[in-house]
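As the structure is a computational prediction, the values presented were derived from the model and not from experiment.
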Amino acid sequence: MSNINSSHSGLLSIEAEQEILLTFNKNLDKMYHAHKMSESSFDLMTQKEVLEKFDLSPATLQDWESHGLKRYQPPMDGSRKVYYKKIELLAFLGAA
C-alpha cells in the first residue's frame, strides 16, 4: 500500500530526483547571474570576473571556448588580459 502523504512520485529514484533538482538550481543560478549581467552598463567582462561570477574552473571556461564562446585579447604584444562580451556569454548560456 502506498503512502499518500509521500512527496516522492516513485517514477525516479530519490537520488535521481535530487540530481535533477541540483542541476535545475545550478542552471537557474547561472540564468540569474546572466540576467544581472545584462543590467550592467559594461559590455565586457574579464576572464577572472566570468570565473568568479559563474563559479567556474578555468578548465570549464576553456571547454566553453572550445564549444564556441569567443575570447578577446587586446592587440598589444605581451597583454595577457582576456575578455568576454556579455551579450555573447548570455547567448552561449541560452539567456539572450
With a 4.5 Å cut-off on side-chain heavy atoms, are [Y] and [X] touching?
| X | Y | answer |
| --- | --- | --- |
| Q47 | Y84 | yes |
| K86 | L44 | no |
| K85 | Y83 | no |
| F92 | I87 | no |
| L69 | L89 | yes |

Practice item. With rounding to the nearest 0.5 Å, note down the distance linking CG in N25 to CD in Q18. Key: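 Atom-to-atom, N25:CG and Q18:CD are 12.0 Å apart.
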Review point. Roughly how far, to the nearest 0.5 Å, is CG of D55 from OG1 of T60?
Key: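 Taking OG1 in T60 and CG in D55, the distance rounds to 9.5 Å.
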Check your understanding: For the side chain to side chain contact (heavy atoms under 4.5 Å, CB included) test, which of T23, D29, L22 pairs with K26?
Key ->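 So, applying the side chain to side chain contact (heavy atoms under 4.5 Å, CB included) to K26 and each of T23, D29, L22, only L22 qualifies.
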Exercise for review: Kindly indicate, with the supporting measurements, whether the criterion side chain to side chain contact (heavy atoms under 4.5 Å, CB included) is fulfilled by Y32 and N27.
Suggested key: CA-CA 9 Å; Y32 171 77; N27 288 329; over 6 Å; no
Point to revise | Least distance between heavy atoms, G94 atom then M31 atom | key: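 Closest pair (atom of G94, atom of M31, distance): O-CE, 4.3 Å.
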Check your understanding: What's the shortest heavy-atom distance between K30 and F54, and which atoms?
Key ->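 So the two residues come closest at O-CE2, 3.7 Å.
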**Study point:** Main-chain N/O of T46 paired to E49 side chain as donor or acceptor, under 3.5 Å
**Key:**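 Answer holds: yes.
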**Study point:** Under-4.0 Å salt bridge between R71 and E65
**Key:**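 A salt bridge links R71 with E65.
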